[in-house]
Amino acid sequence: MSKVAVLGLGIIGSIWASHYREAKVLAGAWNRTPKSDFPGWAPDLAKLAEDADVLHLVVADPPAVEAVLTATLEKLRPGKTVIQSSTIDPQSSSQFKALVEGRGAAYLEAPYTGSKPAAEAHKTVFYLGGEADLVEKMTPLLSLLSEVRFHIGTNEQACTLKLAMNLNIAAQMQALSEALALARGAGVTDAMFFAALQKNASHSGVAALKESKLRNGDFSPQFSVKHMLKDMRLASRSAGCREFPMLDVVRERLHLAAEKGHAEDDYSVLAKLV
């Protein structure tokens, strides 16, 4: 199996690097902010890119992806592959694909869904954009992190679907926050609210995942406000999204949460604003 370098050691990247290390396929791991105590830490990005067959990127945003690719571009050549799992917009994806393929390397767009618990359980879900043969070639590696992988189509389509999924998640979180606040205001207990919700058509994976956080006021990050806000801003700039009222609402609510000091908290902290 190919040797893979994980570039980006945030909540998800650090978990993926650990899974790769356990499978004995980790060439090394790098992060913009040094993490020298991380097992497999590689301080020299260029050398790591030279040593690895696959570079798996999971960084913050399009500028961060561009910085990593610029720093490693001279090491890319035929036989190497970039798996790009940061949530980015389709326009940036097209630019990065052209940049990588211009060096003769392969480029697979691989945004994902599933926060920290799913990543820890090897249950990340990937939305893959690229040629079928490249998807097949990278499947053994991605299987170490996931149970389900959807081949969406092109790299641009994979990016767009990821932003669409996050818009749906953010909208559900805002609606759940308001519904819970309405019930609490009438003296309905959280236990009763969530018991009733479980038997209601509106119950969702978001409600199941975030129930304990909302009931306990625990907003430690599984998926931070700053990253969801970034995704909603990218979605707002995507083609055809100029008149999406829900997108406008959740983007502004996330912006308010960040302004109030919650940028690093889980996006379920939207409930505190209601």
Side-chain angles (χ1 to χ4, degrees), residues 8-16 58-61 85-87 111-125 127 146 161-236 244-274:
L9 292 174
I11 293 173
I12 303 301
S14 59
I15 296 170
W16 289 355
V58 55
V59 293
D61 52 24
S85 288
S86 317
T87 301
Y112 65 93
T113 190
S115 55
K116 183 179 179 181
E120 290 174 335
H122 303 256
K123 291 184 178 180
T124 296
V125 175
Y127 305 137
S146 62
L161 182 62
K162 167 60 177 176
L163 293 175
M165 293 295 103
N166 280 10
L167 169 56
N168 190 35
I169 289 169
Q172 287 186 44
M173 190 67 249
Q174 180 62 27
L176 177 60
S177 299
E178 293 182 21
L180 179 60
L182 179 62
R184 284 173 170 171
V188 177
T189 67
D190 286 1
M192 181 58 70
F193 174 86
F194 283 103
L197 184 62
Q198 287 176 11
K199 301 299 182 182
N200 188 269
S202 66
H203 190 254
S204 67
V206 172
L209 181 64
K210 302 303 183 183
E211 177 180 346
S212 64
K213 285 189 167 296
L214 295 174
R215 293 181 67 170
N216 298 319
D218 168 24
F219 302 112
S220 56
Q222 295 173 329
F223 186 173
S224 69
V225 165
K226 68 179 181 182
H227 287 138
M228 184 65 87
L229 175 57
K230 178 265 297 183
D231 293 351
M232 293 304 95
R233 285 171 171 163
L234 291 177
S236 295
F244 278 29
M246 183 57 72
L247 174 55
D248 292 342
V249 168
V250 295
R251 188 188 64 244
E252 292 307 314
R253 298 301 289 178
L254 289 160
H255 177 71
L256 178 61
E259 279 193 331
K260 289 182 174 293
H262 298 298
E264 302 293 337
D265 290 335
D266 190 79
Y267 73 96
S268 58
V269 80
L270 286 174
K272 283 190 82 170
L273 305 185
V274 181

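- None of V269, L254, L270, L256 except one satisfies the side chain to side chain contact (heavy atoms under 4.5 Å, CB included) rule with H262; the exception is V269.
- With rounding to the nearest 0.5 Å, the separation of CG in L234 from CG in L229 is 9.5 Å.
- In this structure, the side chains of I169 and M228 come closer than 4.5 Å at one or more pairs of heavy atoms.
- The backbone N or O of S212 sits less than 3.5 Å from a side-chain atom of N216, completing a donor-acceptor pair.
- In this structure, the side chains of M173 and S268 come closer than 4.5 Å at one or more pairs of heavy atoms.
- The residues D231 and K162 are annotated as not salt-bridged, no charged nitrogen and carboxylate oxygen being separated by less than 4.0 angstrom.
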| Should K230 and T87 be marked as a side-chain contact (heavy atoms from CB on, under 4.5 Å) after you check the CA-CA gap, both sets of side-chain angles, and the distance that decides it? | CA-CA 9 Å; K230 178 265 297 183; T87 301; 3.5 Å; yes
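- For the pair V58 and Y112, the minimum side-chain heavy-atom distance is below 4.5 Å.
- Taken from OG1 in T113 to CE in M165, the straight-line distance is 8.5 Å, to the nearest 0.5 Å.
- The CG atom of L247 sits 5.5 Å away from atom CZ of R251, with the distance rounded to the nearest 0.5 Å.
- Heavy atoms only, all atoms of each residue included: I12 and A119 are closest at CD1-CB, 3.9 Å.
- Listed for the K123 side chain is no donor-acceptor partner under 3.5 Å among the backbone atoms of S146.
- For the atom pair T189 OG1 and F194 CZ, the distance stands at 10.5 Å (nearest 0.5 Å).
- L167 contributes atom CG, which lies 7.5 Å from atom CZ of F244 (distance to the nearest 0.5 angstrom).
- Between D190 and L214 there is no side-chain heavy-atom pair separated by less than 4.5 Å.
- A salt bridge (charged side-chain N to carboxylate O under 4.0 Å, His left out) with D266 is found for one member of K210, K116, K226 and no other, namely K210.
- Considering all non-hydrogen atoms of both residues, A207 and L197 come closest at CB-CD2, 3.8 Å.
- Smallest separation of non-hydrogen atoms from A263 and S224: O-CB, 3.7 Å.
- What you find for G8 and V59 is that their closest heavy atoms are CA-CG1, 4.0 Å.
- Here the closest non-hydrogen pair linking A118 and G114 is CB-CA, 3.8 Å.
- Residues L176 and Q172 form no side-chain contact, since every pair of their non-hydrogen atoms from C-beta on lies 4.5 Å or further apart.
- Considering only heavy atoms from C-beta on, H255 stays 4.5 Å or farther from M232 through its side chain.
- In this structure, the separation between CZ on R215 and CZ on F193 is 11.0 Å, given to the nearest 0.5 Å.
- Side-chain contact check for F219 versus K272: some heavy-atom pair is nearer than 4.5 Å.
- Taking both residues in full, the closest heavy atoms of Q222 and I11 are given as O-CD1, 4.3 Å, listed atom of the first, atom of the second, then distance.
- Looking at heavy atoms from C-beta onward, V206 lies in side-chain contact with Y267 at the 4.5 angstrom threshold.
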